[in-house]
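Below: the structure, in structure tokens.
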Amino acid sequence: MSSTLILGIISAYFCVLILISFLTSKKGESTDSFFLANRQSPWYVVAFGMIGTSLSGVTFISIPGMVEKAQFSYLQLIFGNMLGYFVVALVLMPLYYRLNLVSIYTYLEERFGFWSYKTGAAFFLLSRTLGASIRMFLVAGVLQLAVFDEMGVPFEVSVAITIALIWVYTFRGGMKTIIWTDTFQTLAMLLCVGISISMISNELNLSFSGMVDTISDSKYSQVFFWDVKDPRYFFKQFFSGAFISIVMVGLDQDMMQKNLSCKNLKEAQKNMFTFTVIIMIVNILFLSLGALLYLYAGAKGIGLPAKGDDVFPFLALNYFSSFAGIAFILGITAITYASADSALTALTTSFCVDFLDFKNRPETERIRLKNWVHLGFSVFMGLIIIAFKYLNNESVVQAVFKVAGYTYGPLLGLYAFGVFTRLAVRDRLTPVVCVLAPILTYIISSNSVQWLWGYEFGFEVLILNGALTFLGLLSISYKKTEFIDTLADS
């Protein structure tokens, strides 16, 4: 497939996104529209669009690439995710709607105080900036390989172009635009997966039932692992998945901003329950695609790259039909930008509301500041993507969850302490606790094999980090106050 054709496809795709932006937004719309789409988003549209945001290019490439070494063990994590989504829908979302929040971190100010609030918001900014940048790095690398290397365009320039295009279609409409662009991008991603599965099945002469049986009988289909020292151990994966979904959905401004754009709590919960079912089905499709990729390569005698992240792009761009290759490019572009554009909007929202005191500023000043913050985060993400190219030496999915474990852990501890206790804390000491917890987590994780009889931490560093934060807050807590009793009882 020529680089010119691929570039033309991507250009046409972005034209569609920009058109959606113009159709869904108006010049000079309020910041309320930018942040929460005036709380008028249809829940079913939000549920479908959230698939693209939650998966990103990491799932699109890394999950199929993990199948050879990890089999279908990733489903254990997804089972845990489902439990976490129910916690988000039934515990956290009622709290956010009751308090009528724009930024979910303002809850921490009402519950604990100024410093706890700023600490929580700062950890989100760090978490989401790094996470979104790592995800963008993945697709930037694929597009560099498929298009820009042949054209002699440096990686840094291609990243700048990519970020600039995202800025163009998000700076005006914000969440009002994101709801609909995410829906379009999720559809494009699912079409790509369907086309890839169908093409490989046809190449292997498999009917639908034959495909299911072939995958089930293959060495890749094992789901459950019960060796406690195995990184794929069921309970390790399950509980990690539950807490990962709580923090990366329920405590993440990006994902919750979409939920808060629904008309009311009942519709937001419908969205979350529907999303839970769809996300399970989609992950099964990705794992099935991974098994088929390796079965296809084995049947055709194709030597695959050593790195799992490279397997799907390698086959799609070199061995699939032109139509399937085009679908791959559209799919990875769609799924990655669905994650990056909403992250950019959420980062802008959090910084404006949590650090620039937007509620006490006139609307004209809000719009001006919002535009500058949006531009600033666009540039910052681009710089992180470029830096990650020279620092990363592991699977991107592993990197994303590792970052989440250390940066979302303090948020998990803060919210768990706020929701499940009625104790107050010495607010000025909260930043100290939230910085020390990740440091102690890293020390324990790095030495766990020697200290804990061979046990090796994986994604569950998030749980350890949250628990250490909770204990740290407990150590600086004091007797409950009348205000906290009122807040808890409400």
Does [X] reach the side chain of [Y], with side-chain heavy atoms less than 4.5 Å apart?
{"X": "Phe86", "Y": "Gln269", "result": "no"}
{"X": "Phe48", "Y": "Thr274", "result": "no"}
{"X": "Leu369", "Y": "Trp372", "result": "no"}
{"X": "Leu108", "Y": "Tyr415", "result": "yes"}
{"X": "Ser218", "Y": "Phe72", "result": "no"}
{"X": "Phe235", "Y": "Tyr233", "result": "yes"}
{"X": "Leu260", "Y": "Ile104", "result": "yes"}
{"X": "Leu95", "Y": "Arg98", "result": "yes"}

Could you tell me if the ring centre of [X] sits under 6.0 Å from that of [Y]?
{"X": "Phe470", "Y": "Phe417", "result": "yes"}
{"X": "Phe275", "Y": "Tyr85", "result": "yes"}
{"X": "Phe124", "Y": "Tyr408", "result": "no"}
{"X": "Phe123", "Y": "Tyr105", "result": "no"}

Query raised in the report: Under 30°, 30 to 60°, or over 60°: which ring-plane class applies to Phe79 and Phe224, parallel, tilted or perpendicular?
Result: parallel
[X]: which residues meet the ring-ring contact (aromatic ring centres under 6.0 Å, His included) condition with it, sequence neighbours left out?
{"X": "Phe184", "value": "Tyr13"}
{"X": "Phe238", "value": "Phe234"}
{"X": "Tyr96", "value": "none"}

How long is the straight-line distance from [atom2] of [Y] back to [atom1] of [X], given to the nearest 0.5 Å?
{"X": "Met189", "Y": "Leu285", "atom1": "CE", "atom2": "CG", "value": "9.0 Å"}
{"X": "Asn283", "Y": "Asn81", "atom1": "CG", "atom2": "CG", "value": "7.5 Å"}
{"X": "Ile244", "Y": "Leu77", "atom1": "CD1", "atom2": "CG", "value": "5.0 Å"}
{"X": "Leu468", "Y": "Ile439", "atom1": "CG", "atom2": "CD1", "value": "11.5 Å"}
{"X": "Ile78", "Y": "Ile279", "atom1": "CD1", "atom2": "CD1", "value": "7.0 Å"}
{"X": "Leu287", "Y": "Leu292", "atom1": "CG", "atom2": "CG", "value": "11.0 Å"}

Ignoring hydrogens, what is the shortest heavy-atom contact between [X] and [Y]? Give both atom names and the distance.
{"X": "Ser240", "Y": "Ile463", "result": "N-CD1, 4.0 Å"}
{"X": "Asn271", "Y": "Val46", "result": "OD1-C, 3.5 Å"}
{"X": "Phe273", "Y": "Leu90", "result": "CZ-CD2, 3.9 Å"}
{"X": "Arg128", "Y": "Leu347", "result": "CB-CD2, 3.8 Å"}
{"X": "Pro410", "Y": "Pro438", "result": "CG-CG, 3.8 Å"}
{"X": "Asn259", "Y": "Tyr97", "result": "O-OH, 2.6 Å"}

Is the number of heavy atoms from other residues, nucleotides or ligands within 6.0 Å of [atom1] ([X]) greater than 12?
{"X": "Trp226", "atom1": "CH2", "value": "yes"}
{"X": "Phe380", "atom1": "CZ", "value": "no"}
{"X": "Tyr44", "atom1": "OH", "value": "no"}

Are the side chain of [X] and the backbone N or O of [Y] linked by a donor-acceptor pair below 3.5 Å?
{"X": "Gln237", "Y": "Tyr74", "answer": "no"}
{"X": "Ser116", "Y": "Phe112", "answer": "no"}
{"X": "Asn465", "Y": "Thr441", "answer": "no"}
{"X": "Asn447", "Y": "Gln450", "answer": "no"}
{"X": "Asp427", "Y": "Trp115", "answer": "yes"}
{"X": "Ser446", "Y": "Ile443", "answer": "no"}
{"X": "Thr349", "Y": "Thr345", "answer": "yes"}

Report task. Please assess Ser445 against Tyr406 for the test side chain to side chain contact (heavy atoms under 4.5 Å, CB included), listing each intermediate value before the final yes or no. Result -> CA-CA 11 Å; Ser445 175; Tyr406 286 103; 3.9 Å; yes
Report task. Determine, stepwise, if the pair Met248 / Met255 fulfils side chain to side chain contact (heavy atoms under 4.5 Å, CB included). Result -> CA-CA 8 Å; Met248 296 187 76; Met255 296 298 288; over 6 Å; no
Report task. Determine, step by step, whether Cys434 and Thr430 satisfy the side chain to side chain contact (heavy atoms under 4.5 Å, CB included) criterion, reporting the C-alpha distance in whole Å, the side-chain angles of both residues, the deciding distance to 0.1 Å, and the verdict. Result -> CA-CA 6 Å; Cys434 290; Thr430 298; 4.0 Å; yes
Query raised in the report: Is the closest basic N to carboxylate O distance between Asp354 and Lys118 below 4.0 Å?
Result: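 Salt bridge between Asp354 and Lys118, a charged N being under 4.0 Å from a carboxylate O: no.
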Query - Any donor-acceptor N or O pair under 3.5 Å, side chains Gln71, Arg232 - result: yes
Report task. List the steps, then state whether side chain to side chain contact (heavy atoms under 4.5 Å, CB included) holds for Leu473 with Ile476. Result -> CA-CA 5 Å; Leu473 294 172; Ile476 62 170; 4.2 Å; yes
